[in-house]
Number of protein chains: 2
Amino acid sequence: MIKRKKTDERRKQIAAAAGALFAERGVRDTTVRDIGDRVGLLSGSLYHHFKTKTDIVHGIMGGYGEDLVARYERAALPGGTSIEKLRRLFHACFEANLEHPDEEAILIRELDNLFREPEFSYVHETLSKIEEIFVNVIEEGIRRREIRANIDPRFVYRMMMDVMGTVPRWYDPRTHHEAEIVDHWIETFFQGIGAPIDV
Amino acid sequence: MIKRKKTDERRKQIAAAAGALFAERGVRDTTVRDIGDRVGLLSGSLYHHFKTKTDIVHGIMGGYGEDLVARYERAALPGGTSIEKLRRLFHACFEANLEHPDEEAILIRELDNLFREPEFSYVHETLSKIEEIFVNVIEEGIRRREIRANIDPRFVYRMMMDVMGTVPRWYDPRTHHEAEIVDHWIETFFQGIGAPIDV
DNA sequence: GTCTATATTGAGATAGAC
DNA sequence: GTCTATCTCAATATAGAC
């Protein structure tokens, strides 16, 4: 058992190094030699810890979906207006990006590439669950008259996710302040960019 | 000269077939054999028309930047409020997506991949020009008090482009009506999704 | 658990016949 | 201008010694 733990350490180390490379250049453009170099192993030695290169990707993304869904579910829990709920959903997205930047970057990068493979269908299932959480909150907001009725909830969901999907590309905690950005964002989404009618 | 024209026909045919594949699966995951199959040639024969595979990508994207910038410049020409200008910019984006769906899809797909190569720096230069067009319109709108002053123009530009960048992924002219979507979008951007204060 | 060495495959590209 | 045939190289993966 103690031995097993040590093995897992190595696995995690490899997965972390590979994750950084996958996020940066994509899975296809990262070779097993690149990964080996990062952890100080010959590429062949990686195969003692993972069956295939794709297996490393599963090792990285495998458990992350549940973590993500849990975050969004928690954010959508009863409490406050629909607008406050959406704000919490935005925050949840940012926190996920801050705490798991590689996973988030890989998620976006590979959606239309590697994750089209049937063996990665669980990724799309996760995204569907998250979409339902968002749509439910938006629809509830419309019923409560806190959100305009003449919008398409799935359309707004897509707008939000499209924007959030690019967060890993430009978000840098050293130059941006999370709270500021989320507020800016929420304001833009809720008030729009148009000037108030009664100036 | 007549001969030259025929050669160009073949080039265009190859570029078109390759473009569809690049847009669908990405450049990296499209082989020269795939391209050859599409046009009924052996892969080796492609090299009579293009020096390299990457050269086909240049053939596709090479002239498109100027077309794009011209579209956006036309949309930003004086006339109407800043809001009307932005609406025209949105339309320009949609039209580009309708008329050149492959080029637009490739543009987005390869931005963080192939187009990082120095030989594709012209792609980023094109995007910078487009960003300036947007930012100028937004800043003008703020000066004219048609757009809220407490927003960051580059931030709003990024929001818009992020959303537009995903258009090729889901836009289908058979199920969506362009005008409707643009209106929906513009309204969401300008009015926000929040309910009017005075219901 | 890691290394040496190598098998295997797939992709881009080329030479020369037709 | 296209085909046949092939080269070359890079990448995943494996076998067996240490």
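Each chain gets a letter, A, B and so on, in the order the sequences are listed, and its residues count up from 1.
- Atom C1' of nucleotide D:dA11 and atom CG of A:Leu21 are separated by 15 Å, given to the nearest angstrom.
- Using a 4.5 Å cut-off on side-chain heavy atoms (C-beta onward), B:Leu68 and B:Glu103 make no contact.
- Ion pairing between B:Glu99 and B:Arg71 holds under the 4.0 Å rule for side-chain N and carboxylate O.
- Put simply, CZ on A:Arg11 is 12 Å from P on C:dG1, counting in whole angstrom units.
- B:His49 contributes no side-chain N or O that, together with a main-chain N or O of B:Lys12, makes up a donor-acceptor pair within less than 3.5 Å.
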Contact letters for nucleotides 2-15 of chain C, in which S counts primed atoms plus P, OP1 and OP2 and B counts the base, heavy atoms under 4.0 Å: BBB------BBBB-
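- Residues satisfying the side chain to side chain contact (heavy atoms under 4.5 Å, CB included) criterion with B:Glu73, sequence neighbours excluded, are B:Val69, B:Ile133.
- Closest approach of A:Ile56 and A:Phe50 over heavy atoms only: CG1-CG, 3.5 Å.
- A:Gln13 places its CD atom 13 Å from the P atom of C:dG1, with the value rounded to the nearest Å.
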